[in-house]
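This report refers to the structure that appears directly beneath it.
Just so it is clear: chains get the letters A, B, ... in the order the sequence lines come, proteins before strands, and each one is counted from 1.
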Amino acid sequence: MSKSIYPSNEKKSLPSKNEAKNVSQSIITSSAKLINRLVRHVFLPMAGPSIAIFIALLLGAILILAAGENPIEAYSALFRGALVGKGSILRTLRWMTPLLTTGLAAVVAFRGGMFNIGVEGSLWTGGLAAAVVGIYVTGLPPIILIPLSIITGAVVGGLWCWIPGIARAKYKVDEVVFTLMLNYIAILIVQYLIRYYLLDTTRLALSFADPETRFIQPAAELPWIVKDYQLSVGLFLALGLVLLFHFLFRRSVWGYENQVVGLNAIFARFGGVPIIRVAVLAMVISGALGGVTGAVEVLGNYHRFFGKFSVGLGFDGITIALMGKLSPIGVLISAFFLAVLKNGGAAMERGVDVSRNIVVVVQALVILFVTAERLFELFKFKQRHRAEE
Amino acid sequence: MLRLVFSVETLIAALHIATPLILAALGGSICLKSGVFNIALEGFLLIGSFTGVVVAYYSNNVTLGVLAAILMGMVFALIFGFFTLTLKANVIIAGLGLNMFALGLTTWLLVAVWNSPGAFIQPSTPVLPQINVPLVGSIPFLGKLLSKHNIIDIGAWVLAGVTYVFMHRSVVGLRLRAVGEHPEASTTAGISVIGHRYLAIALSGMLCGMGGAHMSLAALRMFSENMSAGRGFIAFTAVIFSNGNILSATLVSFLFGFFGSIAIRLEGFGVPTHFIQMIPYLMTIIILLLSAWRAYRKTNPKQKIKQEKVLSQT
């Protein structure tokens, strides 16, 4: 039987019939192992979020129906607008870029047991810092200027989350409210700085309604992958970061400590983990990733900083982290899904007369359902019951 | 400048701004005392203000608008309760989800039903009538301060007293507190933990619904996108600061209202609007830090393990 399935292998490593059998068998077992691993690590964890997404889409459909529109048409317009055709997919990837990094930011913080809602604030402050470097640090070649600018964004974003991080870890200040309030403050400070110090005076009429900075130098711009669809190499950077954190969580001491502190701080303490330092670091890294997101948005897409800079990307990160079960690979999948919803939502608004805000509703429902543990216990219990019978 | 800032008008405006904060803080206090960490106040406020103005406009009746807002607040509270209590979702995440749901739903309805993105403005919407209590108006300083408030302004302070009595002098109130203090013992005593927490959440939803109706129906006659703008969280901070103590939460909410009204006053003095808008949020952070500092000083720094126990529990 093995002969018919794997003829090429048998031919290549011919020495004896037995050995060939072994090779083909080992291929079968290893592929079975791979499938097993895939099922256990990718498909099973996806079951819960998939159910949550399904219910959320269903409830969204009911809302669309209640508003007197056809939900099937609306959803098909949404998915067609995001996935069919080269331009649609590229634009979806463009939106996936910032979502990957904000999703990672939320994952790092949540794994460390910190409910960081302040990624949005880091995004604004970090983005502005990157823009300032991109505009005013002159005379450097791109190979130095771009990393410098992104790192500045990361540092500023990280410092922004360091404040609530240290307050939470040392003094037990509620980090949810603290980071949320810091978001409002960050946005106001950034708008103040643009309005009074960084305003683009060459286009004042335009700037007054919606304050903007000058464009960054061409040397600071991230190269495009496809210019027409605003897709820059920021995508590769984001994907690289996802991979990096995948290995950090799996293989590094920091990844382990971060997770243990999040799961059980007392256990971690008795295990000799410096829990305060680890918790603060989780917040700082989370903020730094937010800053990187802002920097990449500025250097990669807009090439300047303006008033309506982020459309709640930091909050989307929370959805993505929860949908992805706090794993970087999960972030990859759910960031893509949310990018589809976001990009397709705009297409849906153009094609069918259904406002794209329904996407926010669906997103909120996903958040609600994805953590509703009992819901999935119900499903699991039924499965187990059936297996016993 | 100082005279203008600390004038009767500022205090009147403070009372006005504080009303939704007080109502939300009352709801938050009940929840905290019964062991529910309710950060969904923001969403309840938002849905209340939306329902209030829409129903008041279509029925041309303010009372109906307020009642509908209270009802809708309760419905959303029950949804929140369903997720956190029945489906055992994480309270903070479910709270964030609910806030986002309220925001998304109201923003979407503005476009889907009225095709008016950003805001629902109907000048013909009836507003809450102002009540002039006889005799009070003739008192020299207080008269000016206490007249010309609408029924919810007054109701917030009355409800603060009622809630205090309810929580501390009634059987249900005692049970609510018991459920928060020691759930296991309450279960042993035959008190339904989930049932009472549902009640607490429903009450907070109703109070927030009323507060929301005040935001849209007191003077503005409109609803705008994300109208609550963090007020739910500001109220929540007042609750944390006072550790669920109802009277103190009310006063801290009023203090926040006072800061808000000072901020409005300062606008005429050339302070950049960005910083003025920042004041409520900054004050919230300061109060938050103060309450944490107080708790930190109480715990003996030498008992580090004890502290970290708390850290791991939350």
Roughly how far apart are [X] [atom1] and [Y] [atom2], rounded to 0.5 Å?
X	Y	atom1	atom2	answer
Leu103(B)	Asn357(A)	CG	CG	8.5 Å
Ile117(A)	Leu96(B)	CD1	CG	4.5 Å
Phe178(A)	Thr237(B)	CZ	OG1	11.0 Å
Leu188(A)	Gln277(B)	CG	CD	5.5 Å
Thr107(B)	Ile358(A)	OG1	CD1	11.0 Å
Phe369(A)	Leu87(B)	CZ	CG	7.5 Å

Compare every heavy atom of [Y] with every heavy atom of [X], then report the nearest pair and how far apart it is.
X	Y	answer
Val360(A)	Gly104(B)	CG1-CA, 3.8 Å
Tyr171(A)	Ala292(B)	O-CB, 3.4 Å
Gly97(B)	Ala364(A)	O-CB, 3.5 Å

Is the closest side-chain heavy-atom distance between [X] and [Y] below 4.5 Å?
X	Y	answer
Glu349(A)	Val111(B)	no
Phe115(A)	Asn90(B)	yes
His274(B)	Tyr196(A)	yes
Phe101(B)	Leu59(A)	no
Leu63(A)	Leu105(B)	yes

Less than 4.5 Å to any heavy atom of chain B: does that hold for the side chain of [X], its backbone, both, or neither?
X	result
Leu368(A)	both
Ile187(A)	neither
Val173(A)	both
Ile189(A)	both

Name the region of [X], side chain, backbone, both or neither, that has any atom closer than 4.5 Å to a heavy atom of chain A.
X	answer
Leu110(B)	neither
Phe275(B)	side chain
Ile92(B)	side chain

Met181(A): side chain to side chain contact (heavy atoms under 4.5 Å, CB included) partners, not counting sequence neighbours: Val177(A), Phe233(B), Ile234(B), Tyr281(B), Thr284(B), Ile285(B)

Pick from Phe82(B), Phe80(B), Trp108(B) with the largest number of heavy-atom pairs that fall under 4.5 Å of chain A: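 Heavy-atom pairs under 4.5 Å are most numerous for Trp108(B).
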
OH/Tyr58(B): more than 12 non-hydrogen atoms of other groups inside 6.0 Å: yes

Heavy-atom neighbours of Arg294(B) CZ exceed 12 at 6.0 Å: yes

Residue pairs involving residues 27-49 of chain B (criterion side chain to side chain donor-acceptor pair (under 3.5 Å); sequence neighbours excluded):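 For residues 27-49 of chain B: Asn38(B)-Ser204(B), Glu42(B)-Ser228(B).
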
Residue, of Ile64(A), Asn183(A), Ile185(A), that accumulates the most heavy atom pairs under 4.5 Å with chain B: Ile185(A)

